[in-house]
Each structure stands twice: as structure tokens, then as C-alpha cells.
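In what follows, a structure is listed as C-alpha cells, so that the remarks can point back to it.
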Number of protein chains: 2
Amino acid sequence: MQREDLGSLFGRIIRRLIAAEKPLLDGHGLSMWGYGVLTHLAKQSAANQLALATAIGYDKSRLIALLDDLEQDGLVLREPDPADRRNRRVRLTPAGKARLAAVRADIRAMEDDLLAGFTAAERRSLTRMLTRLANG
Amino acid sequence: MQREDLGSLFGRIIRRLIAAEKPLLDGHGLSMWGYGVLTHLAKQSAANQLALATAIGYDKSRLIALLDDLEQDGLVLREPDPADRRNRRVRLTPAGKARLAAVRADIRAMEDDLLAGFTAAERRSLTRMLTRLANG
DNA sequence: GCCTATGATAGGCACATGCATACTAATCTG
DNA sequence: CAGATTAGTATGCATGTGCCTATCATAGGC
């Protein structure tokens, strides 16, 4: 029973993260997946909804209602693609960017708190290794 | 949009881990939570089921059926606590230990594969940091 | 010896998930 | 132009989850 499972470690960490993030997201009227969509769109607008769904690992059927909500809140915009009228491009509105920035500030503060015991070098090393694992 | 969210990183990693672990567990006839129970019991037998549930972060109601299954498969044993007959101690059977060892070998191999690009020093550093985060 | 608290168990509720199907509009292929 | 493919959308199903309530046996406090 030497070393502990990665699965168990990551599982416990994810639980802590979710528990800490949930109230912050609630405070800004965002769901986990809603936040995921905004975050992704901040990096790059989506050429179509299917691409967005696969990019964030969400079900394309479920994405519809999620986008409906975000659009109704004025955070994202679905616009037709003139080149291929089947596609609907999705991008952030200014309000979406603002909302994201606000949540992100809260989340960053929470994460800083979580990493309080880590030196700057450790944090860099950790995020670098996590990124490698995530993109494997 | 400087650094990426911890939540997003951990989320993607967890997805990869689950996708890789699921078939291994299936191959040994274990569910995620079943594996979690066996792993925990290998570290220490549970004084009662409630303690076990909270230790692994599982719902105490749901634990019943899970233990029923594990017991029926001969992997764990529920035995009365002579000191307090409300309690039911839970511990691994030899078959449970054997099953756990088998799954664990598979999982360890999978994890080694996942960490293929990491040096021994990096792995140590990673697990040390993850443990700190998990036990915050 | 009563009253309260605790552990094991059963059951239900609301919700999110992955997965599958179906339908329409638009595009592409031959 | 006809047939196949793709994007968006709606919907349904089985499953798993957290949470909450109820019941029963046992313990412990007073």
C-alpha cells in the first residue's frame, strides 16, 4: 500500500475545489458549465456550437439550453455564420467578459488561498506539471 | 486571461483518469466507489459504516447497497461490534485484499504510463504537492 | 426505567449526466 | 437535381448523486 492513487488524490482535490468554487459561481449567477463556456470563449470564439461542446467536453444536446440561458442573460451571442448558415458562431458579449472577469477575480483569490502554503516556484512547477497531465 | 484555472486543469485531468481507470475497474468487477471502499479498508478497517462513508466522502445511505454488493462478492465483511452492537465493523476479506492488489497493479501500471514523461524527482514533487492540496 | 441520541437500513425527490433518437435546415457529392 | 452528410434543436431513458425522512435496534444520560 505504498503510494496513494492518483485518482484518489485528484478526487479529493477536485471535491475541495468544487466546494470552494460553487458558492463563488452561485454568487455571480453562473453554473459550472456556464463558467466553462465563458472561459473557453474568452480564449477564442467558437466557430460553431458543436466545436464548443467538444472543446469543453460537454454534451452537444445539453449545450443548447445552457447557451439559451447565457444568451438570455446577455453574456454570449449566437450569430449566424454567413459562410455556412448551418453554423452558429458563439462569442462573448462585453457583459459576458465583465461577468467572467468578476468571477475570475473571486476564483483566483480562492485559488491563491488554497495555494497559500506554496512558494512561487512550487506553484509554477505545479501548474506546469498539471498542464502536462491535462494535455497528455 | 493569464494563467489557467486550477478547476479546469484538475477537471480535465480527472476526466482522463476516469476514462483510463473505468475499463480497468470494470475488468475486475469493481465500481469506482467499490474500489474506494477497498482502498480505504486496506489502510484501516472501519469501526462502523458511518465512519467509512464520511472517510471516503460517500453518502451513508448509498453505502449500504455498495457494501451489500461487496459483501456478496466476498470482498468485505460486516461484523458486529461487541462493544457497541449498533456498530458494524467493516474489514477486508483475504479475497478482498487479493482483488484490490490485482486492480491496484493495473491502475499503477496505467498511472506509470500517464506519468511516462515525468522524472522520478518530478513524480515525487508532484505527489507531495497533490497530497498537500488534498489534505489542505 | 424513561428520554434522547446514534448507527444501520430503506425509500423517495430533484437534479445532472451520458447516450440515443429524431427532425429540420443547410450543405456537399456525384 | 437526388441522396448523403452535418449543425442545431428537442426529447426521452437509465443511471448516479446529494439530500432528506422514517424506522428500528441499541446506548447513554438523568
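Below, read A as the first sequence line, B as the second, and so on, with proteins coming before strands; counting in each chain starts at 1.
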Open item on the list: Hydrogens and angles aside, do A:Q49 and A:R89 bring a side-chain donor and acceptor to less than 3.5 Å of each other?
Closed with: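 Side chains of A:Q49 and A:R89: no pair found under 3.5 Å.
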
Task: Pair A:N48-A:R86, side-chain donor/acceptor within less than 3.5 Å - done: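 Side-chain D/A pair, A:N48 to A:R86: absent.
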
Task: B:E111 bridged to B:R104 by N-O distance under 4.0 Å - done: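 No.
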
Task: Charged N-O contact under 4.0 Å between B:D112 and B:R123 - done: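 Between B:R123 and B:D112 there is a salt bridge, with a charged N closer than 4.0 Å to a carboxylate O.
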
Counting heavy atoms from C-beta on, name the nucleotide in [options] closest to the side chain of [X].
X	options	answer
B:D84	C:dA20, D:dA7, D:dA27	D:dA27
A:D68	C:dT17, D:dA10, C:dA8	D:dA10
B:Q49	D:dT9, D:dA27, C:dT9	C:dT9
B:R86	D:dT11, C:dT9, D:dT26	D:dT26

Please report, rounded to the nearest Å, how far the [atom2] atom of [N] is from the [atom1] atom of [X].
X	N	atom1	atom2	value
A:L63	C:dC19	CG	C1'	16 Å
A:L67	D:dT9	CG	P	8 Å
B:I18	D:dG16	CD1	P	13 Å
A:L50	D:dT5	CG	P	16 Å
A:R88	C:dA26	CZ	P	12 Å
A:K60	D:dT11	NZ	P	15 Å
B:N87	C:dT9	CG	C1'	14 Å
B:L66	D:dG16	CG	C1'	12 Å

- [ ] Give a yes or no on whether a donor-acceptor pair under 3.5 Å exists between the nucleobase atoms of D:dA10, that is its base, and the side chain of A:S61.
- [x] yes

Closer than 4.0 Å, any side-chain N/O of [X] to the OP1 or OP2 of [N]?
X	N	value
B:R78	C:dT9	yes
B:R85	C:dG7	no
B:Y58	D:dT17	yes
B:W33	D:dG16	no

TODO: Quick one: label A:D59 by what it contacts on the DNA or RNA (base, sugar-phosphate, nothing), any heavy atom closer than 4.0 Å.
DONE: base

Task: B:D68: which of B:L70, B:I64, B:L66 passes side-chain contact (heavy atoms from CB on, under 4.5 Å) - done: B:I64

TODO: Find which nucleotide of DNA chain D each of A:R15 and A:A65 is nearest to by heavy atoms, and output the residue with the more 5' nucleotide.
DONE: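 Mapping each residue to its closest nucleotide by heavy atoms, the 5'-most match is A:A65.
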
